[in-house]
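Working notes, structure below.
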There are 2 protein chains.
Amino acid sequence: MKKPVTINDIARELNITAATVSRALSNHREISAATKEIVRQAAIRLDYNPNKVASSLRSGKTNIIGVLIPTAEHIFFGSVIHGISNAASMNGYEVLIYQSNESEQFEKKGINAFLNARVDGILASIAKDTRDFSHFSYVKEKNVPIAFFDRFNDSLGISSVCIDDYRGAFLAAESLIKEGYKRIAYISGPLHIKTFSERVRGYKDALEQYDMNFDPGLIYNGDISIEAGRNAIKAFFKLERKPDAICAVEDFTALGALKELKGMGINVPGDVGVIGFCNDLFSEHISPSLSTVDQQTVAMGEEAFELIHKLIKDGHKNQRVHRKVLEPIIVLRESSKRT
Amino acid sequence: MKKPVTINDIARELNITAATVSRALSNHREISAATKEIVRQAAIRLDYNPNKVASSLRSGKTNIIGVLIPTAEHIFFGSVIHGISNAASMNGYEVLIYQSNESEQFEKKGINAFLNARVDGILASIAKDTRDFSHFSYVKEKNVPIAFFDRFNDSLGISSVCIDDYRGAFLAAESLIKEGYKRIAYISGPLHIKTFSERVRGYKDALEQYDMNFDPGLIYNGDISIEAGRNAIKAFFKLERKPDAICAVEDFTALGALKELKGMGINVPGDVGVIGFCNDLFSEHISPSLSTVDQQTVAMGEEAFELIHKLIKDGHKNQRVHRKVLEPIIVLRESSKRT
DNA sequence: CTGTTAGCGCCTTCAG
DNA sequence: CTGAAGGCGCTAACAG
């Protein structure tokens, strides 16, 4: 690897100083237009690429955002990253990715890597296995801007972007009620994650508001997986009083439920209605097509970038916690349409 | 943001020099075990985080891999990144992401950002719109390690990891032939991308090997999209001699074909067989479930990292071009099973 | 408008 | 085994 050209090389070539070259290239106003032009041409001629590492060391800014996600293998996070990354590019930032693989240990490693890399800010979505949140508090103590997206924890005084999970689940349950379903069960995700506990709350409140009696036996503590959906159905249909509709914490869970119901010869949506949450890509294309709640993933990514960008720019000044809440969009398809 | 602790702070605290601290922390063999221990404890006590920016400037190594993808919104690339990122983490590397959004212009910007960031190596999957490949050659001239994954160009002397697209399409077409389909059409992607032209070649050779006559009218120049799949079917079914099977360049294209066929009241797989390419997540769950060719995305990501890692380590020595070719795995489901 | 100087934090010779 | 010194490339303060 031959040595890259530096501003010193340009300076030597033009018999000026490196400082002038630096200023000319950053379009400083106290440099004559003529000099700027000469420098720019020399930069091109010598094939100069500014060294961002040196610049970062000097300025204390890397213009890099660290993004911590549970996994890149789920399109939900891919979409959010799509939003974050494009917004970042447009604002002169780059994006460093780290996967926690849903493990607290890797999550801590990722945070550490980001701090060592001196990223200007961190966007994180919490791993399912995480019970100790001290690494996030640590970031905050270090005064490194940080915000959560989707999976957050509101007891840490850290800003976040998410959709209104409570309202999303409320709308989902309500839509089943309005279709005439009478015994609506809920398949939940891990409840220590706020995102998921809020959804259960939304489901319960919808039942209450429509004067349907709530049966704790109709809540299954599951997970975001096809398997959890199948198991939930198996459990529900051993009950004496079986449900006639399923509200699932996530589309994969709903998919598992659908498959298991199909396997049992139960008609969806005729006998049992199903609604998911996420609006994953497959939801529209399975049959019956899956009713669900759209999470506005790309918008969430864009908002997440805006938020961290604001926190970075504000520095110490505006320390208050921001909570951006996006409106969930209910998407009604075949799986919950009785009529 | 209060000033982070540096090795100088530790040195001052312990009345030793920064050089000793540096050596102790990097476990240099010429430092006494006692000193190492003292330094390590002081580092923890003072809450020291090594500054990777400074370290990179000094060493000329960032331990960052730049990954250029068309879009993070497609699970295929998400999966590959999953593979790359995990392999990278395990080897002490981090991953910088840039999306080209299928545009040549953004692709060039991304490459430039990577060069300025002084990434140790670049992994790229070419945008659909790219016709001029000079930015890749430029990277090579600069002696910055680079390799392609999935979408590559073999005329640039740049290493690559991909699956055997020719063989994948051959197997797909062959499976339709063996099921007894007689007039097999092909919906292609943009042919200037090697990945896609190879697939057409595989399809043609399969027909030839099984003595089926090849009809150029049964190739539709489409794209990776549901819309292209629908349009292809519309076109094919206006022909005098209609096809009885569809081989698609990609699963979304196949999905579009399926939907259009359904809309036309044509039975799949009874009247017309369909097979895709990618094994996207939705393929298994639609109905009829989609036969396809699995691309081993996570393995591709891992191999891509191994390749770039090797290129980085070898430096100038081993300049020959590597071509890792993964074996495609045919996945037969309902959409192509006549029997 | 441009030059001089100094230093961001770390690492690596070269001495001792 | 440890210290002293210089420099990676860039930028900002201070002069002129």
Side-chain angles (χ1 to χ4, degrees), chain A residues 1-40 42-43 46-64 92 115-120 142 144, chain B residues 1-40 42-43 46-64 92 115-120 142 144:
Chain A
M1 218 171 300
K2 55 176 170 265
K3 275 207 171 158
V5 178
T6 73
I7 52 171
N8 291 300
D9 299 325
I10 299 179
R12 202 175 318 115
E13 180 88 1
L14 300 176
N15 278 318
I16 55 178
T17 66
T20 307
V21 174
S22 171
R23 283 183 282 230
L25 289 174
S26 54
N27 205 20
H28 198 282
R29 56 204 147 71
E30 289 183 358
I31 295 284
S32 73
T35 314
K36 282 182 186 169
E37 193 48 33
I38 292 174
V39 170
R40 261 193 274 261
L46 296 180
D47 195 17
Y48 169 75
N49 288 102
N51 187 329
K52 230 193 82 182
V53 178
S55 164
S56 295
L57 177 60
R58 181 62 235 245
S59 67
K61 300 260 150 254
T62 52
N63 273 45
I64 293 178
L115 290 177
N116 292 350
R118 298 295 192 265
V119 297
D120 288 349
K142 289 244 161 192
V144 173
Chain B
M1 220 173 297
K2 54 176 171 267
K3 272 204 173 162
V5 178
T6 74
I7 52 171
N8 290 301
D9 299 324
I10 298 179
R12 201 174 320 113
E13 179 88 2
L14 300 175
N15 279 316
I16 54 178
T17 66
T20 305
V21 175
S22 171
R23 280 184 282 229
L25 290 174
S26 56
N27 206 19
H28 198 284
R29 57 204 146 71
E30 288 183 358
I31 295 284
S32 72
T35 314
K36 281 181 188 170
E37 195 46 35
I38 292 174
V39 170
R40 262 193 274 260
L46 297 179
D47 196 16
Y48 168 75
N49 286 104
N51 186 329
K52 233 194 78 180
V53 178
S55 162
S56 294
L57 177 61
R58 180 63 236 254
S59 68
K61 300 260 150 251
T62 53
N63 274 45
I64 293 178
L115 290 176
N116 292 350
R118 298 294 191 266
V119 298
D120 289 348
K142 289 245 163 192
V144 173

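In the text below, chain A, chain B and the rest are named by the order of the sequence lines, each starting its count at 1.
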To the nearest 0.5 Å, what is the distance between CG (A:N51) and OG1 (A:T6)?
9.5 Å

Side chain A:N49, main chain B:N116, donor-acceptor under 3.5 Å
no

Look at all strands and tell whether A:T17 reaches a base, only sugar-phosphate, or nothing, counting heavy atoms closer than 4.0 Å.
base

So which one's nearest nucleotide on DNA chain C is more toward 5', A:A33 or B:V5?
A:A33

Contacts of A:R58 meeting side-chain contact (heavy atoms from CB on, under 4.5 Å) (sequence neighbours excluded), chain-then-number -> none

How close do B:T62 and B:A117 get, heavy atom to heavy atom, and via which atoms?
CG2-O, 3.7 Å

In this structure, how many angstroms lie between the P atom of C:dG9 and the CD1 atom of B:I10, rounded?
13 Å

If I compare all heavy atoms of B:L57 with all of A:L57, which pair ends up nearest, and what's the gap?
CD2-CD2, 3.4 Å

Verdict with supporting geometry, B:I64 and B:K52, side chain to side chain contact (heavy atoms under 4.5 Å, CB included)
CA-CA 11 Å; B:I64 293 178; B:K52 233 194 78 180; 3.8 Å; yes

Going by atom type alone, with no hydrogens or angles, which donor-acceptor pairs under 3.5 Å involve a side-chain atom of residues 14-23 of chain A and a protein atom two or more places apart or on another chain?
from: A:T17; atom 1: OG1; to: A:T20; atom 2: N; distance (Å): 3.4
from: A:T17; atom 1: OG1; to: A:T20; atom 2: OG1; distance (Å): 3.1

Proximity to DNA chain C (any heavy atom under 4.0 Å), residues of residues 18-28 of chain A only:
A:A19, A:T20, A:R23

Under 4.0 Å from a heavy atom of chain A: give me the 5'-most and 3'-most nucleotides of DNA chain D that qualify.
D:dG9 to D:dA13

Looking only at heavy atoms, the pair that brings A:L25 and A:I7 closest together is CD1-CG2, 4.2 Å

Side-chain donor-acceptor contacts of residues 33-40 of chain A below 3.5 Å, not counting sequence neighbours, with atom names and distances?
from: A:T35; atom 1: OG1; to: A:S32; atom 2: OG; distance (Å): 2.5
from: A:K36; atom 1: NZ; to: A:N27; atom 2: OD1; distance (Å): 3.0
from: A:K36; atom 1: NZ; to: A:H28; atom 2: O; distance (Å): 2.9
from: A:E37; atom 1: OE2; to: A:Q41; atom 2: NE2; distance (Å): 3.2

Taking DNA chain C as the partner, which of residues 46-57 of chain B come within under 4.0 angstrom of it by heavy atom?
B:Y48, B:P50, B:N51, B:A54, B:S55

How close or far is atom C1' of C:dG3 from atom CG of A:L14, stated in whole angstroms?
15 Å

Taking A:N63 for the side chain and A:G92 for the main chain, is one N or O donor matched with an acceptor at less than 3.5 Å?
yes

